[in-house]
Amino acid sequence: MRFLPPLPLAWLSVLGADPDRLNIHGGTLALGESCGSISTRMMTTLCHALITTQARYGMQIQYDKKDCIQITIIEKV
């Protein structure tokens with residue numbers, strides 16, 4: 001099994017983004033990945049984070065077991 005570095009860490013290093021604004025509520029590993037429900041849990045957390053932080057956009061990134069990446073960008077209207 002090969003190790004793939006997390007996309008957010010690569011994103012931080014390439015763009016020099018502010019790490020304090022990245023994943024402030026925890027991702028899959030921090031929340032404890034439970035089979036079949038982590039996508040829903042992460043989207044719910046993201047929606048609540050948009051409300052609490054008064055942010056306009058949010059992005060959810062997930063990997064599946066075949067090394068595919070699913071990215072969802074939402075906008076609070």
Note to self: Under 4.5 Å side-chain heavy-atom separation, chaining through any Ile, Leu, Val, Met, Phe, Trp or Tyr, what else clusters with Val77? Say none if it is isolated.
What the structure shows: none
Checklist line | Non-neighbouring partners of Ile74 that pass side-chain contact (heavy atoms from CB on, under 4.5 Å), sequence neighbours left out | finding: Met43, Leu46, Cys47, Leu50, Thr72
Next item on the list: Using the test side-chain contact (heavy atoms from CB on, under 4.5 Å), find all partners of Ile73 that sit at least two apart in sequence or belong to another chain.
Entry: Met59, Ile71
Checklist line | Where at least one partner belongs to residues 42-55, residue pairs that pass salt bridge (Lys or Arg N to Asp or Glu O under 4.0 Å), sequence neighbours excluded | finding: none
Item checked: Pairs flagged by salt bridge (Lys or Arg N to Asp or Glu O under 4.0 Å) wherever residues 48-61 is involved - sequence neighbours left out -> Arg56-Glu75
Margin query: Quick check: do Lys76 and Gln54 have side-chain heavy atoms less than 4.5 Å from each other?
Written below: yes
